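In what follows, a structure is listed as structure tokens, so that the remarks can point back to it.
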Number of protein chains: 2
Amino acid sequence: MRSEEAGEDKDYVQSLVRGLEVIRTFSQYKPRMTLSEVAQHAGLTRAAARRFLLTLVREGYAETDGKYFSLRPKVLDLGFSYLSSLPMWEVAQPIMRDVVNALHESCSLSVLDGQDIVYVARVPTERVMTIGLSIGSRLPAFCSSMGRVLLAGLPPTELAVFFDRVKLERRTERTVATMVALKDAIDTTRRQGWALVDQELEMGLRSIAVPVRNRRSEVLAALNVSTHEGRSSLEVMKTRFLPELLDAAQRISASLPQ
Amino acid sequence: MRSEEAGEDKDYVQSLVRGLEVIRTFSQYKPRMTLSEVAQHAGLTRAAARRFLLTLVREGYAETDGKYFSLRPKVLDLGFSYLSSLPMWEVAQPIMRDVVNALHESCSLSVLDGQDIVYVARVPTERVMTIGLSIGSRLPAFCSSMGRVLLAGLPPTELAVFFDRVKLERRTERTVATMVALKDAIDTTRRQGWALVDQELEMGLRSIAVPVRNRRSEVLAALNVSTHEGRSSLEVMKTRFLPELLDAAQRISASLPQ
DNA sequence: CGAAAATGTTCGTTATACGCACAAATCTGG
DNA sequence: CCAGATTTGTGCGTATAACGAACATTTTCG
């Protein structure tokens with residue numbers, strides 16, 4: 001049953017997409033589901049959902065107790081294929097640990113994916129956000145320091161696409177709320193080479209980020225330190241955090257394979 | 001073209017399995033590949049590999065520059081479905097950070113998958129292993145402290161399956177090398193409720209682990225602290241690290257949803 | 001305990017996915 | 001710079017993988 005959404009039908013493997021959708025339906029709120037629940041949430045017929053689930057079980061990606069299905073750690077291999085293919089894989093984490101040792105704040109690395117930043121490495125200290133953050137976590141790019149840095153590093157045409165699609169949904173009263181203000185913030189980030197976001201993502205949360213570049217000066221990822229307003233002033237972030245971050249980013253860049 | 005390996009052919013979705021295999025072929029050593037390379041490494045015809053790659057690109061899991069294909073961060077969503085469905089998701093990391101603050105050593109959480117442990121959370125400090133470790137990384141269960149703990153918590157029939165398949169491949173001269181010695185180590189672990197592994201996985205590396213249980217006392221995961229032989233004696237690991245770990249594991253267990 | 005709901009299974013059908021073969025584009029060595 | 005080698009793009013006939021409806025069976029629940 002071809003759908004128009006596929007566009008070029010002849011090179012589209014619908015069964016793969018459906019199977020991936022089955023994996024994606026599992027979540028913190030749906031850690032395990034019956035066959036009918038999976039079918040409903042993944043938008044499949046019960047028979048199709050059953051075939052996908054049984055296939056995932058056979059291949060070790062999922063398991064069942066006879067009634068409920070849940071994912072197995074083998075699914076992490078898929079994400080690990082991506083993580084281990086990152087050029088800064090292997091070198092970033094020790095350098096990030098040095099940052100944490102120096103500043104006693106959480107340090108993270110992320111990349112841009114559509115409207116979001118996605119965490120690819122993290123050395124946590126004090127919990128700084130209400131929600132737990134982990135490799136694979138996503139946050140909106142427009143109101144995060146790493147997002148501002150990644151957006152500032154986009155070629156103009158890609159940035160234009162981002163602006164076309166972004167929805168400026170406030171997370172706090174301080175969240176940037178107009179396109180003019182967002183563009184100005186990104187311009188400022190591009191000019192000064194770093195971004196500082198103060199309580200736009202969550203009240204109390206402050207973070208400062210810098211770009212990690214490859215040898216062609218393209219922005220590959222963003223590196224940040226995040227803290228709580230009660231622990232670090234904006235001044236301390238600029239005078240102590242920023243130099244450490246710039247140094248760490250430079251060290252990561254210098255360690256990249258050619 | 002049905003293959004005998006599928007067994008129950010009628011409930012097996014071969015296209016899903018092939019597509020997942022395409023994702024899995026990317027790695028640190030093959031961060032990007034041409035179409036023909038993917039076909040070769042994934043064991044597919046060039047036409048099939050092409051359809052899968054184009055489908056992954058369409059859905060945002062991969063990208064291409066017109067010649068080379070590479071994975072995109074959206075693949076991390078798949079692993080994140082699994083991570084976020086873990087019962088200790090959200091509560092483990094802050095507690096692990098407390099452990100790191102108290103002991104100044106790396107703390108990790110892992111689950112068992114076949115012959116391996118798979119890292120599901122990590123608060124790193126000093127780099128303790130030669131290879132970088134991250135969420136999704138795998139290590140052999142038989143010669144790691146977390147592996148010993150997870151194996152000790154297996155029901156007898158599952159442990160028997162593990163013994164049937166395990167290959168005791170030495171990683172150092174100290175690696176346990178006989179089934180008798182391995183079984184004794186696991187029995188000891190079960191009896192004392194923790195495992196200490198000293199330079200079996202890698203020279204210089206020491207780690208101590210305890211089980212994280214649910215309310216029915218089933219072992220869900222293992223929690224460890226790892227250090228270097230030069231930094232911590234075996235005595236310090238037992239007298240300082242172990243109490244902190246037991247306390248942390250208990251706090252994680254107490255925080256699990258019902 | 002019976003009705004409702006969920007799951008298992010069969011099977012006819014179709015369209016999904018296949019792979020071969022040829023065209024086109026790219027690369028490389030002389 | 002060009003010809004041959006290699007790789008990729010694509011069409012298309014075909015096979016069968018995957019589909020889903022319908023019915024059987026099992027499980028759940030009031």
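Within every chain, numbering begins at 1; the chains are lettered A, B, ... in the order of the sequence lines, protein sequences first and strands thereafter. The structure displayed is predicted, hence computed values, not measured ones.
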(message) If you take any heavy atom closer than 4.0 Å to DNA chain D, which residues from residues 30-46 of chain A end up in contact?
(response)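 When residues 30-46 of chain A is checked for heavy atoms under 4.0 Å from DNA chain D, the hits, listed by number, are A:T45, A:R46.
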
Please give, in whole Å, the distance from [N] [atom2] to [X] [atom1]?
{"X": "B:K67", "N": "C:dA24", "atom1": "NZ", "atom2": "C1'", "result": "14 Å"}
{"X": "B:D11", "N": "D:dC19", "atom1": "CG", "atom2": "P", "result": "11 Å"}
{"X": "B:Y12", "N": "C:dG8", "atom1": "OH", "atom2": "C1'", "result": "21 Å"}

(request) Go through the steps to decide whether A:K167 and A:E169 satisfy the test salt bridge (charged side-chain N to carboxylate O under 4.0 Å, His left out), and finish with yes or no. (result) CA-CA 6 Å; A:K167 293 184 176 61; A:E169 295 175 356; over 6 Å; no

(request) Check the pair A:Y82, A:W89 against ring pair (Phe, Tyr, Trp, His ring centres under 6.0 Å), reporting the backbone distance first and the verdict last. (result) CA-CA 10 Å; A:Y82 167 73; A:W89 171 252; over 10 Å; no

For a 4.5 angstrom cut-off between non-hydrogen side-chain atoms, does [X] reach [Y]?
{"X": "A:L154", "Y": "A:V161", "answer": "no"}
{"X": "A:L133", "Y": "A:L139", "answer": "yes"}
{"X": "A:Y119", "Y": "A:M146", "answer": "yes"}

(message) Donor-acceptor pair, distance only, cut-off 3.5 Å: does the side chain of A:T25 make one with the backbone of A:A42?
(response)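 Checking the backbone N and O of A:A42 against the side chain of A:T25, no donor-acceptor pair under 3.5 Å is found.
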
(request) Report yes or no: does A:S253 contribute a side-chain atom to a donor-acceptor pair with the main-chain N or O of A:R213 at less than 3.5 Å? (result)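 Yes, because the side chain of A:S253 sits within donor-acceptor range (under 3.5 Å) of the backbone of A:R213.
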
(message) Heavy atoms within less than 4.0 Å of DNA chain C: which residues of residues 47-57 of chain B have one? Give them sorted by number.
(response)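 DNA chain C contact set from residues 47-57 of chain B: B:A47, B:A48, B:R51, B:F52.
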
(request) Considering only NZ, NE, NH1 and NH2 on the basic side and carboxylate oxygens on the acidic side, decide whether B:D77 and A:R138 come within less than 4.0 Å. (result) yes

